[in-house]
Amino acid sequence: MSGSDTQRDQLILNDALLNEKVEVDQIALYSRDSIPPLLSSVFLSGLLIFYFQGNAPVSVQITWLVYQLSISLFRYSTIRAFRNRSAGQTDTAAWRNRMRMGVLLAGMGWGTCNVIMLQDIDVEYKMLLACTLAAMSGGSVSIMSILPRTYPLYVLPIMVPFIAVNVLHGTTLSYCLAFFSLLFILVLLSTSKRNHENMAEAFRLSHQNQLLKDLADAASQAKGEFLSSVSHELRTPMTSVYGFAKVIKKKMDRDVIPRIDTSDAKLMHTVNQIQGNLDVIVSEGERLTSLINNVLDLAKLDAGRVEWHFTEIDLTAIVEHVAATIQPLTDARNLTLTTAVEKELPPFLGDRDRLVQVLINLASNAVKFSEQGGITLKAHRKENEIVVAVADSGIGIAPENCEKVFDKFQQVGDTLTDKPKGTGLGLSICKEIIERHGGRIWLESELGKGSVFYFTLPLAELD
């Protein structure tokens with residue numbers, strides 16, 4: 001089994017592992033969100049004792065209050081212990097059961113409050129207690145729904161005694177309170193179930209998305225390593241083949257062809273075939289060498305292994321250098337070359353060699369796809385960035401292909417009848433370089449009327 005297969009298998013989550021991760025997330029979220037309700041519970045317990053003093057023996061009320069404080073302390077200590085657990089400790093069942101026990105004891109404490117306080121008291125006190133218990137039950141539904149099958153352990157011990165006491169009182173008001181409390185419980189239980197299912201699914205999707213991202217990163221890394229390895233292995237023999245083909249062609253043209261008997265038609269036919277074959281070898285050798293170099297550049301960019309040298313740059317000097325470099329190409333195709341750079345462009349931070357690479361790539365493409373007219377290199381400042389453009393009068397690109405040209409190995413044109421003039425990597429490399437500088441690159445084109453490639457370079461770092 002290869003290393004990539006092993007890494008892939010390690011990333012695959014089975015249902016048991018996924019469920020365990022979801023449970024850890026649920027307990028962590030519950031622990032994070034439970035502190036404010038705990039403080040509210042303590043505060044309300046003391047407030048109720050204050051308002052209902054005299055409605056039950058003082059010793060009973062104090063005992064109930066101590067019980068409430070003890071349960072709150074138990075729940076808080078459980079949360080703290082979970083947060084401070086050792087790294088990698090994943091005994092979720094024990095933590096979940098301990099937290100459920102705290103919830104059940106808390107619910108029983110509030111349920112006992114009904115028996116202690118809801119006796120022969122005035123209507124306003126009945127309504128105050130009903131509102132308090134309803135607030136405790138309703139306010140906790142979102143938090144206790146996080147843990148599976150936890151909310152019923154809290155709300156039923158609270159509301160069932162409340163309903164029972166009201167039914168036993170036998171008054172119209174108490175019957176109404178019991179009936180509406182029952183409806184209230186059913187609504188809360190249904191809401192809690194839906195909330196839990198939604199949150200559990202959200203956690204599952206989060207882990208599955210992370211898994212897909214990890215798999216994609218692993219695949220991208222494997223692809224980059226493969227391309228880099230293969231390209232390095234191809235570069236040395238390809239350089240030799242390309243170099244020797246150029247030497248053979250040069251020696252044929254200089255030393256062999258002049259000495260051949262041109263009157264021998266069969267021999268001349270063979271010589272012409274050899275020359276044609278050598279031209280193809282040299283041309284394809286140059287294209288393949290360019291492809292290998294581009295693949296290596298792209299692999300380094302994807303892997304973050306490119307060494308960047310950001311210095312203060314004068315864009316005018318770069319444009320002049322690129323124009324001088326491609327001048328022989330434009331002259332060979334009888335194309336005009338124009339530069340239009342705004343005067344006194346401010347300097348900016350960038351990697352000079354990489355920006356030269358971008359401009360030469362764009363300008364070379366412009367030359368390759370232009371049969372007549374000319375090439376223009378332009379640059380101007382627009383707010384806090386410099387906008388650079390390379391315009392040509394070539395064949396143009398269809399609007400639906402303007403975004404695709406920046407994709408890896410994407411070439412515009414019919415590969416059967418109109419062979420693309422490139423490797424399909426140059427523009428994707430340009431995009432990587434420009435985005436590394438904090439800029440963006442795009443294309444405006446019209447079939448038959450030429451194209452304009454734009455990219456921006458931010459000035460914010462020096463402003």
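All residue numbers in this chain count up from 1 along the given sequence. Just so it is clear, the values below take in all heavy atoms, side chains as well, and ignore hydrogens, waters and symmetry mates.
For Asp214 and Gln210, the side-chain atoms include at least one donor-acceptor pair closer than 3.5 Å. Between the side chains of Gln372 and Asn334, not a single donor N or O lies within less than 3.5 Å of an accepting N or O. Remark: the Gln327 side chain and the Asp331 side chain contain an N/O donor-acceptor pair separated by less than 3.5 Å.
Separating the CD1 atom in Ile281 from the CD1 atom in Ile274 is a distance of 10.5 Å, to the nearest 0.5 Å. Once rounded to the nearest 0.5 Å, the distance linking CD1 of Ile143 with OH of Tyr154 reads 9.5 Å. Taking CD from Glu320 and CG from Leu315, the interatomic distance works out to 10.0 Å, rounded to the nearest 0.5 Å. With rounding to the nearest 0.5 Å, the separation of CD1 in Ile326 from CG in Leu337 is 4.5 Å. Atom OG1 of Thr336 sits about 7.5 Å away from atom CD1 of Ile375, to the nearest 0.5 Å. The distance from the OG atom of Ser181 to the CD1 atom of Ile158 is 11.5 Å, given to the nearest 0.5 Å.
Side-chain contact between Thr456 and Val388 is absent, with no heavy atoms from C-beta onward closer than 4.5 Å. Here the side chains of Lys21 and Phe203 are not in contact, with every heavy-atom distance at 4.5 Å or above. At least one side-chain heavy atom of Ile433 sits under 4.5 Å from a side-chain heavy atom of Gln357. Proximity of Leu104 to Arg100: side-chain heavy atoms (C-beta onward) are nowhere separated by under 4.5 Å. Contact check for His207 versus Asp25: side-chain heavy atoms found under the 4.5 Å cut-off. Residues Ser137 and Phe184 meet the side-chain proximity criterion, which asks for heavy atoms closer than 4.5 Å. Side-chain contact between Met136 and Val155 is absent, with no heavy atoms from C-beta onward closer than 4.5 Å. Looking at Ser192 and Met144, their side chains never come closer than 4.5 Å, going by heavy atoms from C-beta outward.
In plain terms, the two heavy atoms of Tyr151 and Val141 that are nearest each other are CE1-CA, 3.6 Å. In terms of heavy-atom proximity, Thr78 sits nearest to Met99 at CG2-CG, 3.7 Å. Counting all heavy atoms, side chain and backbone alike, Ser41 lies closest to Gln68 at OG-NE2, 4.3 Å. Counting all heavy atoms, side chain and backbone alike, Thr92 lies closest to Glu20 at CG2-O, 4.1 Å. The shortest non-hydrogen separation linking Ser142 to Met199 is O-CE, 3.9 Å. Pro152 and Arg149 make their closest contact through CD-C, 4.1 Å (heavy atoms, listed as atom of the first residue, atom of the second, distance).
A search for ring-ring contact (aromatic ring centres under 6.0 Å, His included) contacts involving Tyr454 returns Trp442, not counting sequence neighbours.
Put simply, the side chain of Arg254 never gets that close to the backbone of Lys251: no donor and acceptor are under 3.5 Å apart. In terms of modelled atom types and a separation under 3.5 Å, the side chain of Arg440 and the main chain of Leu457 share no donor-acceptor contact. The backbone N or O of Thr311 lies less than 3.5 Å from no partner atom in the side chain of Arg352, so there is not a single donor-acceptor pair. Checked by atom type and distance alone, the side chain of Ser77 pairs as donor or acceptor with a backbone atom of Phe74 at under 3.5 Å. Ser364 places no side-chain N or O within 3.5 Å of a backbone atom of Asn361 that could act as its donor or acceptor partner. Side-chain atoms of Ser451 never come within 3.5 Å of backbone atoms of Ser445 as a donor-acceptor pair (strictly under, hydrogens ignored). Side-chain atoms of His196 come within 3.5 Å of backbone atoms of Ser145 as a donor-acceptor pair (strictly under, hydrogens ignored). At least one donor-acceptor pair closer than 3.5 Å links the side chain of Arg333 to the backbone N or O of Val367. Judged by distance alone, the side chain of Asp351 and the main-chain N or O of Arg354 form a donor-acceptor pair under 3.5 Å. No donor-acceptor pair closer than 3.5 Å links the side chain of Asp392 to the backbone N or O of Gly450.
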- Query: Would Ser45 and Trp110 count as a side chain to side chain contact (heavy atoms under 4.5 Å, CB included) if you check the C-alpha gap in whole Å, the side-chain angles of each, and the deciding distance to 0.1 Å?
  - Reply: CA-CA 9 Å; Ser45 298; Trp110 284 105; 3.6 Å; yes

- Task: Please lay out, stage by stage, how Leu182 and Met159 fare under the test side chain to side chain contact (heavy atoms under 4.5 Å, CB included).
- Result: CA-CA 8 Å; Leu182 179 61; Met159 299 305 297; over 6 Å; no

- Message: Walk me through whether Lys249 and Asp253 qualify under salt bridge (Lys or Arg N to Asp or Glu O under 4.0 Å).
- Response: CA-CA 6 Å; Lys249 184 178 185 308; Asp253 293 339; 3.2 Å; yes

- Query: Going through the distances and angles, do Ser428 and Phe406 end up as a side chain to side chain contact (heavy atoms under 4.5 Å, CB included)?
  - Reply: CA-CA 5 Å; Ser428 60; Phe406 296 103; 5.8 Å; no

- Task: Give the intermediate values and the outcome of side chain to side chain contact (heavy atoms under 4.5 Å, CB included) for residues Met268 and Ile260.
- Result: CA-CA 8 Å; Met268 289 304 299; Ile260 292 177; 3.8 Å; yes

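Residue Tyr76 places its OH atom among 12 or fewer non-hydrogen atoms of other residues, nucleotides or ligands, all under 6.0 Å distant. Remark: Gln273 CD is packed, more than 12 non-hydrogen atoms of other residues, nucleotides or ligands lying under 6.0 Å away. The 12-atom threshold is exceeded at CE of Met252, counting heavy atoms of other residues, nucleotides or ligands nearer than 6.0 Å.
Aromatic pair Phe310/His437: ring centres closer than 6.0 Å.
Salt-bridge annotation for Glu23 and Arg96: present, with a side-chain N of the basic residue lying under 4.0 Å from a carboxylate O of the acidic one. With respect to Lys382 and Glu342, no salt bridge is recorded, no charged nitrogen being found less than 4.0 Å from a carboxylate O.
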